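Each remark here refers to the structure printed beneath this line.
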Amino acid sequence: MDVCLIFAASFSAFYIIVVFADEFTNPSAFKYVSSLQKVQSEAMIDLRLIREKTEEVEKALERRNGGFSVKELVEVDASQRKAQGEWEALNQRSNQLQGLIKAAQSDERETLKVEAKDVNVRIKEANALRTELDARVKELQMALPNMPDASVPDGPDENYNVEIHAWGEKPNIENPKEHWELGPPLRIFDFERGVKIAESRFTVLMEMGAKMERALMNFMLDFHSSRGYSEVFPPILVNKQCMLGTGQLPKFEGDFYKCADDELYLVPTAEVPVTNLYRDEVIAADQLPIHHCAYTPNFRREAGSAGKDTRGYIRQHQFNKVELVKFCLPENSEDEHEKLTRDAEAVLEALELPYRRIILCAGDIGFSAKKCFDLEVWFPGQNKYREISSCSNFGDFQARRANLKYKPADDGKARFLHTLNGSGLAIGRTLAAILENNQQPDGSVRVPAVLIPYMGGISVLRPRNDKIAEAVH
RNA sequence: GGAGAGGUGGCUGAGUGGUCGAAAGCGGCUUCCUGCUAAGAAGUUGUACGGUCAAAAGCUGUACCGAGAGUUCGAAUCUCUCCCUCUCCGCCA
């Protein structure tokens, strides 16, 4: 692990040096880099861009794990445009004929009608072809992930993520327990009854657990509200358009819970409803940036993570999270990204939890993101850092899908804005991290100072010996 | 869930088979006028994808009046299906 990190870190430094050196010493390299950056900052998955700069786009996507080909898309797009042209030409003729028929004498009119009918048949055929190709283009286009930003390090998987910095001192605990060992005596978690009520990966929070979960929600919402994020509480069920807009669909259908009778999905993250708040809208530039924070429960099927984190409260089908979402001008998104990540880090610092920030490599980055920082909190019981927040800059990728635009102050043409989001934070994991980091030798847990007011003044969680805590079968 | 009404441009709202991308008003923008403001006058004002152009402007083609299908040479307008909104009733935290 450590070896890997050192390698990754030096790798990253090397990468950055190379980029800088190239930029400032080699004119042709500079040209390449800046044109690549232009490609990336101006438009993600823009069809015109894919058409005109196919190779650059492909090169950028190649850095992602699995690799993505845009060749088929370019080909289908070409035939779609041809079909579109033919269809339009036929429509034009049809429109002409309509005018002629209106002006014609009755005998002449019948002849024209015959031609018009024939044209209409051909229009129908041309339209069928056009529609089919249209759908195919859309399908291929929607399946393409965002292009990683030039500043994202290369690498196929999480082993190539690079640590940016770390904060806090790891607590010195003798034989630290994991949170699932600490929880039941404190009467915080009831894992067995959670399974009884739903299925595995569902947990009941009891008493102090329920209280602290709620305290964390309130603390985080208050925290971000006071830092300029306006609070929203959105629907937890969303329609398909929302899921397409933020990029969960169409690629990852199996990852989410869906209400079969209603075409509605349980939100996997507040990102989905909150980003879609302004879908199909044009926002005046002076209204930007918009900063929202939102609490929602989140539902994920965790398909493909069988065997991972089967114990404990780390990986649940239902979990709570406070999310930060930003809408901003394209030129500000990088800056907003840094600030958003700082806001998430500030929560960890307020809670006195040691963490580190890593930048995800191109192969590990999420589908919609062009750049992503993960915050990882220290778990003494597990003796490792675990993800607790993921802060992404999507560029205009989601904005394109969700049709989110802004109207610039100067010229009137509406343009796609940029979206960002990050967890601030995942509440269940925060609770687990507090348990592990603040555990005392006697099995009690110290409540972080900022949380005490939210816990009704309770400063220590103590083990209890309730009979009801023991499962009775 | 039952009954009724309705979905038109940034907004209000007209339009019941062609001359409608769509009246009128409001708002927005430009210009003029006026010490300033207010008021007034004239003009202009949707989106997407193409073509033309070095590019922009301009010009030009096609589509779009909730979505889809149908009738017709021709649909905002007629028919059908679906979605959504509103009002009343019922139910309910």
Side-chain angles (χ1 to χ4, degrees), chain A residues 35 38 42-53 73-142 233-245 258-265 273 276-288 297 396 399-417:
Chain A
S35 89
K38 189 166 181 248
E42 275 183 0
M44 307 300 155
I45 184 197
D46 180 5
L47 206 47
R48 208 174 305 165
L49 181 81
I50 293 172
R51 206 179 282 151
E52 286 164 11
K53 304 202 170 173
L73 175 55
V74 171
E75 282 164 18
V76 178
D77 171 57
S79 42
Q80 189 278 335
R81 290 170 73 202
K82 189 160 164 264
Q84 172 103 16
E86 282 161 12
W87 173 71
E88 285 183 2
L90 286 167
N91 270 323
Q92 188 173 6
R93 181 60 190 153
S94 170
N95 289 341
Q96 284 168 358
L97 285 169
Q98 282 167 36
L100 291 174
I101 286 167
K102 200 175 51 168
Q105 302 298 319
S106 57
D107 51 335
E108 199 184 348
R109 180 170 287 191
E110 292 311 310
T111 323
L112 289 168
K113 277 193 186 181
V114 172
E115 189 189 345
K117 275 190 178 175
D118 175 57
V119 168
N120 283 346
V121 170
R122 284 156 63 201
I123 286 178
K124 214 163 218 176
E125 289 166 5
N127 190 40
L129 179 64
R130 181 192 69 95
T131 310
E132 190 192 318
L133 291 170
D134 221 28
R136 184 77 187 126
V137 167
K138 195 97 190 167
E139 190 186 319
L140 289 168
Q141 195 185 359
M142 291 295 269
F233 190 51
I236 311 303
L237 289 173
V238 297
N239 58 37
K240 193 169 188 172
Q241 265 311 306
C242 289
M243 296 288 272
L244 287 165
K258 183 181 174 184
C259 306
D261 294 339
D262 302 285
E263 273 281 322
L264 291 170
Y265 296 80
N276 278 280
L277 261 182
Y278 307 108
R279 171 153 48 87
D280 295 319
E281 291 187 33
V282 180
I283 297 167
D286 61 14
Q287 298 298 300
L288 297 174
D396 65 4
R400 257 170 218 293
R401 296 178 149 234
N403 192 25
L404 292 162
K405 292 186 170 175
Y406 73 97
K407 207 170 185 87
D410 47 344
D411 68 280
K413 188 90 172 160
R415 287 197 284 254
F416 292 113
L417 45 74

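FYI, side chains are in, hydrogens and waters are out, and symmetry mates aren't considered; it's all heavy atoms of this structure. Treat the numbers as computed from the prediction; the structure is a model and nothing was measured. Protein chains get the first letters and strands the later ones, always in sequence-line order, with residue 1 at the start of each.
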Rounded interatomic separation in angstrom, taking CD from A/Q98 and P from B/rG74:
7 Å
Nearest to the side chain of A/A116 - B/rC73, B/rU62, B/rG50?
B/rC73
To check you understand the geometry: which heavy-atom pair defines the closest contact between A/A285 and A/Y406, and what is its length?
CB-CD1, 4.1 Å
Can you tell me how far C1' of B/rC49 sits from CZ of A/R130, to the nearest Å?
10 Å
Quote, to the nearest angstrom, the C1' distance that separates B/rU19 from B/rG7.
27 Å
Provide the Watson-Crick or G-U wobble partner of B/rA93, both distances under 3.5 Å; none if there is no partner.
none
Phosphate OP1/OP2 of B/rU47: any A/K407 side-chain N/O under 4.0 Å:
no
Salt-bridge contact A/E86-A/R122 (side-chain N to carboxylate O under 4.0 Å):
no
Watson-Crick/G-U partner (both atom distances under 3.5 Å) of B/rG50
B/rU60
State the pairing partner of B/rU79; accept Watson-Crick or G-U wobble contacts with both distances under 3.5 Å, and report none otherwise.
B/rA69
Of B/rC73, B/rA63, B/rG61, the nucleotide closest to the side chain of A/K117 is B/rC73
Would you say A/R401's side chain and A/L244's backbone share a donor-acceptor pair under 3.5 angstrom?
yes
Of the options B/rU71, B/rG50, B/rC73, whose atoms approach the side-chain atoms of A/I101 most closely?
B/rC73
When the distance from CG of A/D280 to P of B/rG66 is rounded to whole Å, what number comes out?
16 Å
Verify the distance criterion only: is there a donor paired with an acceptor across the side chains of A/Q80 and A/Q84 at less than 3.5 Å?
yes
Pairwise C1' distance for B/rC33 and B/rG43, with rounding to whole Å
15 Å
To the nearest angstrom, how far is A/L112 atom CG from B/rU72 atom C1'?
16 Å
Integer angstrom distance from the P of B/rA5 to that of B/rA93
32 Å
Any strand is fair game: report the nucleotide pairing with B/rC29 by Watson-Crick or G-U wobble, both distances under 3.5 Å, or none.
B/rG43
How many Å lie between CD on A/E108 and P on B/rC73, as a whole number?
17 Å
May I ask you to verify if any side-chain N or O of A/R93 is less than 4.0 angstrom from the OP1 or OP2 atom of B/rC73?
no
Taking for each residue the nucleotide of RNA chain B with the nearest heavy atom, is it A/G99 or A/Q92 whose nucleotide lies nearer the 5' end?
A/G99
Does A/R109 reach a base, just sugar-phosphate, or nothing at all? Heavy atoms under 4.0 Å.
nothing
I'd like the P distance from B/rU72 over to B/rU77, given in whole Å.
16 Å
Euclidean distance for C1', B/rG61 against B/rG66 (whole angstrom):
27 Å
Separation of atom NZ in A/K102 from atom P in B/rG17, rounded to whole Å:
15 Å
Rounded to whole angstrom units, what separation is found between the CG atom of A/N403 and the P atom of B/rC49?
10 Å
A/A402 backbone acceptor or donor facing A/R279 side chain under 3.5 Å
no
Counting only side-chain N and O atoms of A/R48, is one of them less than 4.0 Å from OP1 or OP2 of B/rA48?
no
Would you call A/K258 and A/E263 a salt bridge, using N to O less than 4.0 angstrom?
yes
Whole-Å distance, A/K138 NZ to B/rC49 P, equals 10 Å
Nucleotide opposite B/rC20 in a Watson-Crick or G-U pair, distances under 3.5 Å:
none
Spacing of the C1' atoms in B/rA75 and B/rG17 (rounded, Å)
6 Å
N/O (side chain, A/N95) to phosphate O (OP1/OP2, B/rU62) under 4.0 Å:
yes
Any donor and acceptor pair, going by atom type alone, linking the side chain of A/N276 with main-chain N or O of A/C242 inside 3.5 Å?
yes
With a 3.5 angstrom cut-off on both distances, give the Watson-Crick or G-U wobble partner of B/rG9, or none if there isn't one.
none
Tell me which of A/L97 and A/K124 sits closer to the 5' end of RNA chain B, going by the nucleotide each one is nearest to.
A/K124
Is any side-chain N or O of A/K405 closer than 4.0 Å to OP1 or OP2 of B/rA48?
yes
Taking atom C1' in both B/rC26 and B/rC80, compute the distance separating them and give it to the nearest angstrom.
37 Å
Donor-acceptor pair, distance only, cut-off 3.5 Å: does the side chain of A/T131 make one with the backbone of A/N127?
yes
Taking only the C1' atom of each, what is the distance from B/rG25 to B/rU45 in whole angstrom?
15 Å
For B/rU87, which nucleotide in any strand shown is its Watson-Crick or wobble partner with both distances under 3.5 Å?
B/rA3
